[in-house]
Chemist: 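Can you read through this structure? Questions will come right after.
The model shown is predicted, which means the values in this text are computed figures rather than measured ones. Throughout, a chain's letter reflects where its sequence line sits, starting with A, and its residues are numbered from 1. Reckoned from all heavy atoms, side chains included, excluding hydrogens, waters and symmetry mates.
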Number of protein chains: 2
Amino acid sequence: MSEEIGYPKVVPLEPEARTLADRVCRQIVTAIVKGEIPPGHKISEPELARTYGISRGPLREAIRRLEGWRLVERKAHVGARVVKLSAHELIEIYRVREALEGMACRQAAKNMTDAEIESLKRLLDEHEASIEQREGRSYFQKEGDLDFHYRIVQGSKNSKLLELLGDDLYHLVRMYRYQFSVSSSRPKRALKEHRQIIDAIEARDEELAEMLMRRHISAARRNIEDKLDTVTKPEGDKHG
Amino acid sequence: MSEEIGYPKVVPLEPEARTLADRVCRQIVTAIVKGEIPPGHKISEPELARTYGISRGPLREAIRRLEGWRLVERKAHVGARVVKLSAHELIEIYRVREALEGMACRQAAKNMTDAEIESLKRLLDEHEASIEQREGRSYFQKEGDLDFHYRIVQGSKNSKLLELLGDDLYHLVRMYRYQFSVSSSRPKRALKEHRQIIDAIEARDEELAEMLMRRHISAARRNIEDKLDTVTKPEGDKHG
DNA sequence: TCTGAAAATATTGTCGACAATCTTGATCAG
DNA sequence: CTGATCAAGATTGTCGACAATATTTTCAGA
């Protein structure tokens, strides 16, 4: 049994998987996030049932939950498809992240324990070492970045924030990252911003912590917008 | 193949209800929100199947989707229960609303059409008439308030915001309102704040619009906190 | 009477089969 | 040859039955 442990797992939100539907649900999420089931792809119930060796009943329940998490879209009597990537929606997600994680950072500045802060600072040290070592092109940086953000959300001690970001948004974000291969453009700058954020949290400065996080995510959004503009034609309104 | 149109389509709610599971899902949501199925109540599959006259298959799928929307919690081999009311979580929800609707208001100030703004101003006129007429104790105020907020979110033209607030949070907020009977305490003040918000949107002042909405929801949160402090003392149930 | 374990019961989890609907491909009129 | 109509195939939706697990009841022993 190859139990994969050791790397930062960002999905501790699933207590158990004692039932077939739960287990398969997790497998499908992983497959979608990693792109093994590409965006827009039809989800064939008989095919997936054969693949995972289960009946269609639990499979359909898993799909229904994924529908609730907005990873798949379903049409009656037609079938379910993996959500399609759209540059516009990716930007929308980053606007939501800016709002949600800004609030998370504000509450983290208030509710994070000193031990959590210290641990997070050590994580950033690891990130720095990883960046120096691999010249900033590390695969680890992708998951590492999300790990930092996830810990902030955990530190907010706000369970609703954790549910919304952990279940709904981060899956999509990771999927988009696998798709577009973004976010590893300026790891050093991101690391510096991360340090500023944790400093503000350590100083218990709620206002500053929220502002820095919002700036950080807003910068990431603009970075993506620029990258997308080079590929996508600016047919939209460019008036100002 | 790619018939994707790029303009922001903001109509993800109410797709269809052509299937039993979809129809029953909506019925259960309404029942939960209205309190017909009280919070913490066990959801018995055989009982509900008999009630709605369907098999357990579609019912289970509906429950799985409700689980994705966080209206019910499920434990393996034990069953599903309607989410339990907790004062702490209600406050958490309002913190999330502050962040999310603040961002929605910011984007509404940018993306709302003049027609939408005009329509919303007329809605506030109706609210004012309703308040004057019924001395501020109107039942309509409850849904009317949420209607205002929902239109702002629609005006943001951000489909992700609409999904998160519409599917996940507003159901819970309405449920809590039916439970605690809150939010009708200061309708005149709320109306005044609503007018300030729509004025900021009309002036296309994004910063101000976000700030006013955050203040508005933050005030509502503090109002609830005060009310809960006067009531909160029963630490768990006691039976004879 | 109280405690603990084991049987009885009820509920959830899973499966295969059938019905309703959509999609595809073939046939035929223009 | 093009287009529409209709039949064949495939997929989704629904159902009832059986298996696995949790909860409740019962009963024996201290």
Side-chain angles (χ1 to χ4, degrees), chain A residues 14-29 31-32 37-84, chain B residues 1-4 12 14-29 31-32 37-84 237 239-240:
Chain A
E14 302 176 59
E16 290 138 59
R18 298 177 52 191
T19 182
L20 274 184
D22 291 335
R23 199 153 26 208
V24 164
C25 182
R26 195 179 302 188
Q27 286 181 293
I28 297 178
V29 167
I32 290 179
I37 307 178
H41 190 267
K42 174 86 182 299
I43 292 182
S44 167
E45 292 181 8
E47 182 187 336
L48 273 196
R50 253 195 13 252
T51 301
Y52 295 112
I54 64 172
S55 172
R56 276 180 53 220
L59 180 65
R60 284 174 63 87
E61 293 185 21
I63 292 175
R64 275 315 224 286
R65 183 142 44 140
L66 263 51
E67 186 191 359
W69 287 347
R70 275 170 277 277
L71 261 79
V72 305
E73 288 171 346
R74 224 187 85 278
K75 274 177 185 165
H77 300 99
V78 175
R81 312 183 83 91
V82 179
V83 286
K84 186 74 164 51
Chain B
M1 229 158 54
S2 61
E3 319 174 293
E4 272 295 324
E14 322 272 354
E16 286 138 68
R18 296 176 52 190
T19 182
L20 274 184
D22 291 336
R23 200 152 25 209
V24 164
C25 181
R26 196 175 302 187
Q27 286 182 294
I28 297 178
V29 168
I32 291 178
I37 307 177
H41 191 267
K42 174 83 182 300
I43 292 182
S44 167
E45 292 181 9
E47 183 187 335
L48 273 197
R50 237 173 1 107
T51 300
Y52 295 111
I54 62 172
S55 171
R56 276 180 53 220
L59 180 65
R60 284 174 63 86
E61 292 185 20
I63 292 175
R64 275 317 224 286
R65 182 146 38 143
L66 262 51
E67 186 190 0
W69 286 346
R70 272 169 281 277
L71 260 78
V72 305
E73 288 171 345
R74 225 185 86 275
K75 275 177 186 166
H77 301 98
V78 174
R81 312 184 82 91
V82 179
V83 286
K84 187 70 166 57
D237 300 280
H239 52 281

Chemist: Does R81(A) use its side chain to pair, donor to acceptor, with the backbone of G40(A) at less than 3.5 Å?
Modeler: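 Flag set: sc R81(A) to bb G40(A) pair under 3.5 Å.
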Chemist: Find every protein N or O atom lying less than 3.5 Å from an N or O atom of nucleotides 10-12 of chain D, and list the pairs.
Modeler:
unit_1: dT12(D); atom_1: OP1; unit_2: I43(A); atom_2: O; d: 3.4
unit_1: dT12(D); atom_1: OP2; unit_2: E45(A); atom_2: N; d: 3.4

Chemist: Using every non-hydrogen atom in the two residues, find where T19(B) and R64(A) come nearest and quote the distance to one decimal.
Modeler: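 For T19(B) versus R64(A), the nearest heavy atoms are CG2-NH2, 4.3 Å.
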Chemist: Can you confirm whether L48(A) sits close enough to R56(A) that some side-chain heavy atom of one is under 4.5 Å from a side-chain heavy atom of the other?
Modeler: no
Chemist: What is the first contacted nucleotide of DNA chain C and what is the last, in 5' to 3' order, if contact means an atom lying under 4.0 angstrom from a heavy atom of chain A?
Modeler: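 Footprint of chain A along DNA chain C, 5' to 3': dG13(C) to dC22(C).
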Chemist: Side-chain contact, heavy-atom cut-off 4.5 Å: V29(A) with R26(A)?
Modeler: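 Answer no - side chains too far apart.
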Chemist: Contact between I63(B) and V72(B) at the side-chain level, heavy atoms closer than 4.5 Å - yes or no?
Modeler: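 Result yes, sub-4.5 Å side-chain heavy-atom pair found.
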Chemist: What's the separation between atom CD1 in I37(B) and atom OG in S44(B), rounded to the nearest 0.5 Å?
Modeler: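 It comes to 10.5 Å.
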Chemist: Hey, are E67(B) and R74(B) close enough for a salt bridge, meaning a charged N less than 4.0 Å from a carboxylate O?
Modeler: yes
